[in-house]
Amino acid sequence: MTESPLRVGAFGNATSLLCRECGATQELGPFYACAECFGPLEIGYDFPRLTREQVEAGPKNIWRYQPLLPVPADIQQSPNMEPGFTRLLRADNLAREVGARRVWVKDDSGNPTHSFKDRVVAIALSAARELGSKVFACPSTGNLANAVAAAGARAGIRTVVFVPHDLEPAKIQMTAVYGGSLVAVRGSYDDVNRLASEIAGEEEGWAFVNVNVRPYYAEGSKTLAFEIAEQLGWRLPEQVVIPVASGSQLTKIDKGFRELVALGLVEDTPYRIFGAQAEGCSPVSAAFKAGHDVVRPVKPATIAKSLAIGNPADGPYVLDVARRTGGAVEHVTDDEVRDGIQLLARTEGIFPETAGGVTVATFRKLVETGQLDPDRETVVLNTGDGLKTLDAVAGRVAPSATIDPSYSAFLSTGLA
Ligand SMILES: Cc1ncc(COP(=O)(O)O)c(C=O)c1O
Ligand SMILES: [Zn+2]
């Protein structure tokens with residue numbers, strides 16, 4: 001990446017990069033691996049005093065939390081997708097059906113490109129701009145591709161997106177339509193990710209959002225934690241169910257909750273974090289159940305393509321969070337994923353993509369198996385939109401009847 005001098009305040013209140021393994025610190029810049037031990041880096045801050053009122057006076061998007069993110073104070077002046085502040089819906093019908101008491105759905109399908117990835121990409125875009133990158137790129141399982149291509153178009157930066165060739169057509173088309181370069185790779189996501197790392201090492205000035213600017217990118221998922229707490233009236237939920245692919249989102253929601261507590265913006269009440277995977281790609285769930293600290297990579301085979309990461313970078317950290325908070329990591333079959341999609345659609349009028357189906361079905365399984373307390377409040381994340389993965393329910397839903405345009409024909413259906 002280009003070594004241009006950073007402007008003052010380029011990364012807001014962020015002060016350094018911290019190694020998640022050995023704790024070593026290094027200066028902010030285009031770095032993602034520890035200089036001492038090659039461990040992954042995360043952002044360290046010197047947070048100012050911040051009040052609820054200051055946050056509430058901010059814009060109705062993720063920039064209301066700018067002081068807690070590695071972005072400059074003038075972030076709103078640069079063109080971006082303005083994601084976030086998606087709805088948190090009370091889901092009483094879902095709760096009744098699953099046998100739980102108080103359930104909320106955090107519906108991130110309402111973001112500009114219809115998944116939570118707009119959050120992380122907005123931070124990565126800011127980092128790419130501040131670092132002087134000339135290309136905005138990513139390896140993706142689909143949703144990230146959509147978000148990078150759209151954000152790059154709006155910001156006027158060249159985009160190059162790499163995806164497995166067998167992605168859902170909607171995710172391919174919805175990336176290509178924004179006009180950047182889209183490279184379909186004959187291989188799995190893990191192959192695509194390896195290729196991206198290689199290119200990132202060879203090419204100057206390429207910001208791969210989830211590779212070499214990953215520490216910045218990952219911070220975007222904290223805004224889910226901030227919004228959930230704010231929307232609940234500035235308090236933490238008791239239980240949260242989160243889908244896991246690389247595991248980044250889950251670990252950063254935990255980081256977000258802890259930062260809110262440290263800043264005194266919410267009370268320090270206990271919360272449990274649960275991870276959700278599809279059986280055909282459940283390396284983190286398998287490690288959790290086996291009591292392992294490391295995650296053994298798998299070859300994914302599931303309809304939940306957005307979660308099909310066989311070698312998850314944040315897998316061990318997901319295990320830490322689930323164990324520390326008294327949560328769990330569980331998985332469900334593809335048929336249960338389809339059931340989960342239909343369950344959320346039919347009970348709450350929310351049509352999730354396969355990742356949401358994984359999460360809803362896992363929520364139900366966690367209740368059934370006694371791992372999640374049905375009497376405690378639970379927030380279930382819907383991170384994507386069912387319109388992108390229509391095939392998942394194609395064989396299961398159809399018109400109730402197809403008729404000639406006459407009243408008698410309608411009567412003959414028995415639907416009157
Ligand atoms: C809709 C959706 N939900 C969840 C995830 C999981 O995100 P993470 O890789 O941070 O675990 C993804 C990842 O691509 C996704 O597309
Ligand atoms: Zn280190």
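Just so you know, ligand 1 is whichever comes first in the structure, and atom 1 is the first atom listed for that ligand.
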Backbone N or O of A392 within a donor-acceptor pair of the R338 side chain at under 3.5 Å? yes
Answer yes if the side chains of R102 and T378 hold a donor-acceptor pair under 3.5 Å, and no otherwise. no
For ligand 1, run through the N/O pairs with the protein that fall under 3.5 Å and put one pair on each line.
from, atom 1, to, atom 2, distance (Å)
ligand 1, 3 (N), T383, OG1, 2.6
ligand 1, 9 (O), S246, N, 2.9
ligand 1, 9 (O), S246, OG, 2.7
ligand 1, 10 (O), S248, N, 3.4
ligand 1, 10 (O), Q249, N, 2.9
ligand 1, 11 (O), A245, N, 2.9
ligand 1, 11 (O), S246, N, 3.2
ligand 1, 11 (O), G247, N, 2.8
ligand 1, 14 (O), K117, NZ, 3.3
ligand 1, 14 (O), T141, OG1, 3.2
ligand 1, 14 (O), S306, O, 3.1
ligand 1, 16 (O), N143, ND2, 2.8

Q371 versus E330, side-chain donor and acceptor atoms under 3.5 Å: yes
Would you list the pairs meeting salt bridge (charged side-chain N to carboxylate O under 4.0 Å, His left out) in which at least one residue belongs to residues 265-276, sequence neighbours left out? none
For S188 and K299, test the side chains for any donor-to-acceptor distance below 3.5 angstrom and give the result as yes or no. no
Given the ring of F85, does R64 sit roughly above its face, with NZ or CZ under 6.0 Å from the centre of the six-membered ring and within 45° of the axis? yes
Residue set satisfying side-chain contact (heavy atoms from CB on, under 4.5 Å) with R258, at least two apart, ordered chain then number -> D254, K255, Y271, R324
Name of the residue among E227, E82, E219 meeting salt bridge (charged side-chain N to carboxylate O under 4.0 Å, His left out) with R119: E227
Near the Zn ion (ligand 2), which protein N/O/S atoms are found at less than 2.8 Å? C19 SG, C22 SG, C34 SG, C37 SG
Result for salt bridge (charged side-chain N to carboxylate O under 4.0 Å, His left out) between E42 and one of K252, R214, K222 points to K252
